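Taking it in order: structure first as structure tokens, then the write-up.
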Amino acid sequence: METFQEQLAQRLSQALAKSGLPNVGELSQAADGRFGDYQTSAAMVLAKQRGENPRQIAEKILANIDVDLIAEKPTVAGAGFINFKLRPEAIAKQAGDLLGDERLGVARSTSPRKIVVDFGSPNVAKPMHIGHIRSTVLGDALARIAKFLGHDVVRDNHIGDWGTQFGMVIWGWKNLLDRQALARDPIAELVRIYKETNERATKDETIREACRQELVKLQAGDEENFSIWKQAADLSMAEFAKTYALLDIHYDFQHGESFYNDQLPGVVDRLLKSGIAEVSEGAVVVFFKDDVDLADKPAIIRKKDGGFNYATSDIATVEYRINELKRDTLWYVVGAPQTLHFKQIFAIARREGFDVDLRHIPFGNILGEDRKLMKTRSGENVPLQDVLEEAIERVRKIVDEKNPDMPNEEKIDIARKIGIGAVKYADLSQYRMTDYIFSWDRMLALHGNTAPYLQNAYVRIRSIFRKAGAARSTIDKIDIVEPAEINLAKKLAQFAEIVPQVLNDFRPNILANYLFELANSFHAFYEACPVLQSEESTRTSRLALCELTARVLQRGLNLLGIEVPERM
RNA sequence: GCGCCCGUAGCUCAGCCGGAUAGAGCAUCGGAUUUCUAAUCCGACGGUCGGGUGUUCGAGUCACCCCGGGCGCGCCA
């Protein structure tokens, strides 16, 4: 099925052709409901091109346009806008069609891509902290949306499991490890030995040197050191898995940096041979002299000491994803500070001749209420697990107050769905580049643009169906008359127009804001239009509207990675 | 020094390729419930879109300059 936007755009194209005018100008949702439902500035664009009067051109277009089945007679307004107002019958019919469509009107992409979404990327031997939530939640949502739109999506967690810090971890493991503590809380113990080793190393040159030697041995394939590294990595991954389970986040691959180790010498050789890289001051470096942005920002791909760094493994990663995974699109959901790094990696990939779509999807920081990077009172990173658990606890308290008689198991389930949903939604409802200020009160607020507010709309609908004694509505015909019904049905029809827009610029907040407006329209409808008490035909029609709203809310939240409870 | 991002109501934020009188939420104030979950709804108050210049029929949006904040720039990841 087609959206109203598509239908009207098609009619507009036909009218332009019939008027002997080129097909220009876009047709969009009206900026302001007072102007109607859709608008186009085609006449103004044409007037500018041809030096004619925009309102006259608009009249000419209107003389040739036929939208009778969908909209009232279009009008010219302002400087030359053409406004369309949908007919209630058309809205009702569209809503009825949506009821019969599993995809709620959302079309599959006509040009499906084979995508890797690279997101999450925690570091081994360190706890996941609040800073990881954005990449994780944003990447997950984008992957879900891309998949729903018909793309072939692979989710890859590029774990930070290699690097110079392992010299210290291994030294600490050999000299300071408390096995019992490791069994109790592996990451905490790994952090402890790392920190203590680091402290000693800054004071004591011999320890510093010992750490370096441990690293050299690890990179040379020393059996004992490799085994220690492996244990540390496995223990960390097991901890991450718990957090991912709580977040309902799943990966197809978790290829850490170490996965690419054996490919690094080959990468450097190839780049040297092809002349992309050169030796400079003992290191192997790629210069970008013909690129104004990168002219004075070379990338090092092999250090003076022969070691490789993360630029090297990221190049190997690009090659692997294209050649082995057969992907044509790579999305990197990684913080804004790494913009330069990805510019370099992508520039190198282009020089190697890869013709693929490479995107860095950056995002801003999470700040505390003091507007500085969010830290604990003692200045540490805030562990993600603690945040999630606190969110759940806070919701649990509210559930206990509101629904003391609910079975404990259901309370646990609800607290998780709302608590986790609130944390995710707080992040996703905001434009990804703006630093966002973490606030429990705002996140879990029962009013306003929050996950609980959206979940509540769904819950109210489910409650209606429980009272009605039906799981869902049985009819597929919708009649609408009340303004609140019309508003709601229009909103429902917009879902299919909104979802694809998210991928234009990787902005799930567009979808979040839409869902908020939908919930808002539903609540208004709920107040104004009794469902179960109303007379037949109206009753079934309103039930159908409720059903459709519930499905759009559930699907929309699902695309954001958020679950809905049946009661709350 | 070079580069990137951000600056919109008291607070937190929307506003994708430039489109009409700049929108929400929170807070404040005023209303609404014998009715399907008040975890709700309706209304009011609130703005030199950091400043300036320019491009344009039209600029919060584009270009340039400046101010403020954050971040990144050869051997960490």
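In the text below, chain A, chain B and the rest are named by the order of the sequence lines, each starting its count at 1. On a predicted model such as this, the values are computed, not experimentally measured, just so you know.
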What is the nucleic acid contact for A:D441, judged by heavy atoms within less than 4.0 Å: base, sugar-phosphate only, or nothing?
nothing
Answer with base, sugar-phosphate or nothing: what part of the nucleic acid does A:N509 contact at a heavy-atom distance below 4.0 Å?
sugar-phosphate
Check the angle between the aromatic planes of A:H255 and A:F259 and answer parallel, tilted or perpendicular using the 30° and 60° thresholds.
parallel
Determine, answering yes or no, if A:F35 is stacked on B:A20 under the 5.5 Å centre rule and the 30° plane rule.
yes
Quick one: label A:A283 by what it contacts on the DNA or RNA (base, sugar-phosphate, nothing), any heavy atom closer than 4.0 Å.
base
With the threshold set at 4.0 Å, does a side-chain nitrogen-carboxylate oxygen contact exist between A:K304 and A:E281?
no
With heavy atoms under 4.0 Å as the rule, sort A:E281 into base, sugar-phosphate or nothing.
base
P spacing across the pair B:C26 / B:A39, given as an integer number of angstrom
15 Å
Is A:E393 paired with A:R396 through a side-chain N to carboxylate O contact shorter than 4.0 Å?
no
Base, sugar-phosphate or nothing for A:M568? Non-hydrogen atoms, less than 4.0 Å.
base
Salt bridge between A:D357 and A:R359, side-chain N to carboxylate O under 4.0 Å?
yes
Remember a base hit wins even if backbone is also touched, and classify A:Q165 as base, sugar-phosphate or nothing at under 4.0 Å, heavy atoms.
nothing
Given the P atoms of B:A22 and B:G47, what is the spacing between them in whole Å?
12 Å
Per nearest nucleotide of RNA chain B, the residue lying toward the 5' end, A:A524 or A:N456, is A:N456
Tell me whether A:D370 is salt-bridged to A:K372, with the criterion being a basic N under 4.0 Å from an acidic carboxylate O.
no
When the P atoms of B:U21 and B:U61 are considered, how many whole Å apart are they?
15 Å
Does the structure show a Watson-Crick or G-U wobble partner for B:U40, both distances under 3.5 Å? Name it, or say none.
B:A32
Taking the same atom, P, in B:C41 and in B:G25, what whole-Å distance lies between them?
9 Å
With sugar-phosphate meaning primed atoms plus P, OP1 and OP2, does A:I437 contact a base, only sugar-phosphate, or nothing at under 4.0 Å between heavy atoms?
sugar-phosphate
Using a cut-off of 4.0 Å on non-hydrogen atoms, how would the nucleic acid contact of A:N53 be classed: base, sugar-phosphate, or nothing?
nothing
Between B:C5 and B:G50 - C1' atom distance, rounded Å:
16 Å
Say we look at B:C65 and B:C76: how far apart would their C1' atoms be, to the nearest angstrom?
37 Å
If pairing requires Watson-Crick or G-U wobble contacts with both distances under 3.5 Å, which nucleotide is the partner of B:G46?
none
Per-pair stack call A:F81 and B:G19, 5.5 Å, 30°
no
Between A:M406 and A:A445, the residue closer to the 5' end of RNA chain B by nearest nucleotide is A:A445
For atom P, what is the distance between B:G69 and B:U8, given to the nearest Å?
15 Å
Using 30° and 60° as the class boundaries, would you call the ring planes of A:H158 and A:Y260 parallel, tilted or perpendicular?
tilted
Rounded to whole Å, how long is the line connecting atom NZ of A:K126 with atom C1' of B:C76?
9 Å
B:C17 pairs with, by Watson-Crick or G-U criteria that keep both distances under 3.5 Å:
none
